[in-house]
Q: 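Below is the structure I would like to discuss, written out as structure tokens.
Just so it is clear, the model here is predicted, and its values are computed rather than measured.
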Amino acid sequence: MNYLPLSLNLADRDVLVVGAGEVALRKLKWLLKAKAAVRVIALDADPRVEALSLNLSLRAVALDDLSGAYLVVIATEDTALNKMLAEACSKQNILVNVVDQPAISTVIFPAIIERDEFTIALSSAGDAPVLTRYWRRKLDAYIPAELGKWGRFLGRQRDKVKMLLGSVDQRRSFWEDTIESELAELCYQGSDELQDRFDRNLEAYASDDGLKMGAVYLIGAGPGDPELLTFKAIRLLQRADVVLYDRLVDPRIVDMARRDAEFIYVGKRASNHTLSQDEINDLIYREATNGRIVARLKGGDPFIFGRGAEELELLVEQKIPFQVVPGITAASGCASYAGIPLTHRDHAQSVRFVTGHLKDGSPELDFSSLQDSRQTLVFYMGLLSLNAICQKLIGTGRNPQTPVALIERGTTENECVYTGTLETIHSLVSEHQVKAPTLIIVGDVVGLHQTLKWRGKSVNAKETL
Ligand code: SAH
């Protein structure tokens, strides 16, 4: 290792930057963030540098300018000048960075991930800046945006913890448990309960009760393709001690949880529930009261035809902390992957998500409210009632030629898009044995599928009739 990452306190230190172009600008932003007293000397300056509040002199740099500097950053295109200045700095033991020239620098700027006071520095000693930047982006996505706030909160608790917990071991194990706990999530959300819960945990620790707080994450897993998960969904899934999932959730998503988590299938098929909704609600509640972190993975979005609210009722009543993570709902996922915009300036000014679920053999819907030809209709759970839906839409006045798409297993590698009209679409279902999950889209926007489709298989009713 040729470069040891040290974190410099630059507040009010004299830092000289030579050059005021694009490259200098990038370094200046960090130097100003670190509250350095920055002087810039350059023959000319990028207007964005001129706009910064710092001491800028437009003239040639002289050796005398180095005196008093703690750090010098050189960002000019004049290689001979860069080298001469770097050597002079080294002789005077002034820290020097020549941008993109690690060989003549004594310090280099790492790639930085910043969450207030919490920072991570990555560096490849100047060998592969693109690789370093790539990893910075990857790591950046995994680090909660509010981590700095959590760090500050923990900092404020240190004296109290020291007072209540006598031994170093006890304190370390308390901090380790706390960092892993639900308290971090409360902090990210800005919850007013944070301090109170922290204090209760600390007291329980001091009196050796070892209280552990359970929590529930109701996570939208999207329509199929695992890449449609959100960062938050992955982060919370990886915190879970127990994962409850159902049939619509892709096994590759379930696999993203910790290896040592417990996995419980609570699968649902139409009218053949493995566990009843009440049993699922109870199970979630029991696990959380036992101090476990429960991830409840639901297909699509938990609050769209997902019975998400029912699973939360008991938790609200019993004051168990929970979070709801939105997911990409089948309508958005399937429509995007099928190249069917749900709204369009020329064809549809609104979109409606409707359940096609049957009650006593017919859809529970007021069809007269579905007549607007400039509104796209998206039916969830409508495959079994497709025929009835089309007949009712025609019967209450919608044009029989209105385009319809069935999207089977949308966003997965087995996706197939069937298109036809209100009159013709049903023939495809038996012919191709279309299976659930399938989404139905009705409206002129379906006509755009032929032009905008960009993946997957598609079958048109006209071609097969
Ligand atoms: N909460 C889910 C919907 C659950 S209802 C969401 O927001 O997407 C289940 C219905 O969603 C299925 O009957 C089907 O109509 C639709 N669906 C879910 N995933 C789908 C997929 N990958 N392809 C097509 N339809 C899907």
Side-chain angles (χ1 to χ4, degrees), residues 222-225 228 248 299-301 304-305 328-358 363 365 367 370-396 398-465:
D225 182 350
L228 294 179
L248 281 180
D301 182 283
I304 296 183
F305 303 126
I328 291 187
T329 189
S332 305
C334 295
S336 298
Y337 277 39
I340 300 175
L342 293 175
T343 64
H344 188 286
R345 270 156 57 110
D346 301 333
H347 305 291
Q349 279 66 43
S350 62
V351 54
R352 187 131 163 208
F353 296 172
V354 192
T355 169
H357 190 66
L358 295 169
L365 282 170
F367 279 86
L370 304 178
Q371 289 308 315
D372 181 358
S373 65
R374 298 175 73 80
Q375 179 172 69
T376 307
L377 302 176
V378 181
F379 289 89
Y380 287 69
M381 299 172 281
L383 188 59
L384 291 175
S385 48
L386 176 69
N387 213 0
I389 291 171
C390 293
Q391 290 316 316
K392 291 262 192 188
L393 285 173
I394 295 171
T396 44
R398 209 139 177 185
N399 183 344
Q401 302 307 318
T402 306
V404 180
L406 303 184
I407 304 166
E408 181 187 34
R409 290 183 274 189
T411 79
T412 72
E413 56 271 41
N414 300 315
E415 171 181 303
C416 187
V417 181
Y418 302 90
T419 49
T421 63
L422 283 176
E423 250 175 353
T424 61
I425 194 76
H426 64 274
S427 64
L428 290 178
V429 175
S430 46
E431 190 180 336
H432 293 271
Q433 298 186 348
V434 179
K435 289 189 196 61
T438 288
L439 193 81
I440 306 169
I441 304 184
V442 177
D444 289 344
V445 287
V446 170
L448 296 162
H449 166 68
Q450 283 313 325
T451 337
L452 299 180
K453 69 177 173 198
W454 55 277
R455 70 190 290 282
K457 222 173 98 192
S458 58
V459 177
N460 187 290
K462 276 190 235 103
E463 292 158 15
T464 59
L465 281 177

Q: In chain order, what residues pass the side chain to side chain donor-acceptor pair (under 3.5 Å) check against Thr376, with sequence neighbours excluded?
A: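 Partners of Thr376 under the side chain to side chain donor-acceptor pair (under 3.5 Å) test: none.
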Q: Calculate, to the nearest 0.5 Å, the distance between atoms CD1 and CD1 belonging to Ile389 and Ile425 respectively.
A: 12.0 Å
Q: Which heavy atom of Thr412 sits nearest to which heavy atom of Gly224, and what is that distance?
A: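 It is CG2-CA, 4.2 Å.
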Q: Thr424 and Thr421: side-chain donor and acceptor closer than 3.5 Å?
A: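 The answer is yes; a qualifying pair exists.
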Q: So which atom in Cys416 and which in Val459 form the shortest heavy-atom distance, rounded to 0.1 Å?
A: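 Residues Cys416 and Val459, closest heavy atoms: SG-CG2, 4.0 Å.
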Q: Test of understanding: with ring-ring contact (aromatic ring centres under 6.0 Å, His included), list the residues that count as partners of His426, not counting sequence neighbours.
A: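 ring-ring contact (aromatic ring centres under 6.0 Å, His included) list for His426, sorted by chain: empty.
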Q: Please list, chain by chain and in numerical order, all residues satisfying ring-ring contact (aromatic ring centres under 6.0 Å, His included) with His449, sequence neighbours excluded.
A: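 So His449 forms no ring-ring contact (aromatic ring centres under 6.0 Å, His included) with any residue.
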Q: Any idea which heavy atoms bring Ala338 and Ile407 closest together, and the distance?
A: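 So the minimum-distance heavy-atom pair works out to CB-CD1, 3.9 Å.
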Q: For residues 332-353, which residue pairs qualify under salt bridge (Lys or Arg N to Asp or Glu O under 4.0 Å), counting only residues two or more places apart or in two chains?
A: none
Q: If I compare all heavy atoms of Gly339 with all of Pro341, which pair ends up nearest, and what's the gap?
A: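 Nearest pair, atom of Gly339 first, then Pro341: O-CD, 3.8 Å.
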Q: For Ile328, check side chain to side chain contact (heavy atoms under 4.5 Å, CB included) against everything at least two apart and list the hits.
A: Pro223, Leu228, Ser332
Q: Tell me, which pairs form a salt bridge (Lys or Arg N to Asp or Glu O under 4.0 Å) where one or both residues lie in residues 403-417, sequence neighbours left out?
A: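 Qualifying pairs, neighbours excluded: Arg252-Glu413, Glu415-Arg455.
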Q: By side chain to side chain donor-acceptor pair (under 3.5 Å), which residues pair with Lys453, not counting sequence neighbours?
A: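 Lys453 satisfies side chain to side chain donor-acceptor pair (under 3.5 Å) with Gln450, Ser458 only.
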Q: Check the surroundings of atom NE2 in His357: do more than 12 heavy atoms from other residues, nucleotides or ligands lie under 6.0 Å from it?
A: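 At most 12 heavy atoms, drawn from other residues, nucleotides or ligands, come within 6.0 Å of this atom.
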Q: To the nearest 0.5 Å, tell me how far Leu342 CG sits from Cys334 SG.
A: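 Output value for this atom pair is 9.5 Å.
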Q: Taking only distance into account, with no hydrogens and no angle test, what donor-acceptor pairs under 3.5 Å do side-chain atoms of residues 399-406 form with protein atoms, sequence neighbours excluded?
A:
{"unit_1": "Asn399", "atom_1": "OD1", "unit_2": "Gln401", "atom_2": "N", "d": "2.8"}
{"unit_1": "Gln401", "atom_1": "NE2", "unit_2": "Glu423", "atom_2": "OE1", "d": "3.2"}
{"unit_1": "Thr402", "atom_1": "OG1", "unit_2": "Asn399", "atom_2": "O", "d": "2.6"}

Q: Can you list everything that forms a side chain to side chain donor-acceptor pair (under 3.5 Å) with Thr396? Sequence neighbours excluded, please.
A: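 Expected list: Gln371.
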Q: Which value, rounded to the nearest 0.5 Å, describes the distance between Phe353 atom CZ and Leu439 atom CG?
A: 8.5 Å
Q: Can you list, pair by pair, the side-chain donor-acceptor contacts under 3.5 Å of residues 377-387, counting residues two or more places apart and other chains?
A:
{"unit_1": "Tyr380", "atom_1": "OH", "unit_2": "Thr329", "atom_2": "OG1", "d": "2.6"}
{"unit_1": "Tyr380", "atom_1": "OH", "unit_2": "Ala331", "atom_2": "N", "d": "3.1"}
{"unit_1": "Ser385", "atom_1": "OG", "unit_2": "Gly356", "atom_2": "O", "d": "2.6"}
{"unit_1": "Ser385", "atom_1": "OG", "unit_2": "Gly382", "atom_2": "O", "d": "3.3"}

Q: Who pairs with Ser373 by side chain to side chain donor-acceptor pair (under 3.5 Å), at least two apart in sequence or on another chain?
A: none
Q: Is there a side-chain contact (heavy atoms from CB on, under 4.5 Å) between Tyr337 and Asp225 once you walk through the steps?
A: CA-CA 10 Å; Tyr337 277 39; Asp225 182 350; 2.8 Å; yes
Q: Locate the shortest heavy-atom distance separating Ser430 from Ser427; write the atom from each residue and the value.
A: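 Here Ser430 and Ser427 meet closest at OG-O, 3.6 Å.
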Q: According to the salt bridge (Lys or Arg N to Asp or Glu O under 4.0 Å) rule, which pairs have a member within residues 370-394, sequence neighbours left out?
A: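 Applying salt bridge (Lys or Arg N to Asp or Glu O under 4.0 Å) to every pair that reaches into residues 370-394, excluding sequence neighbours, yields nothing.
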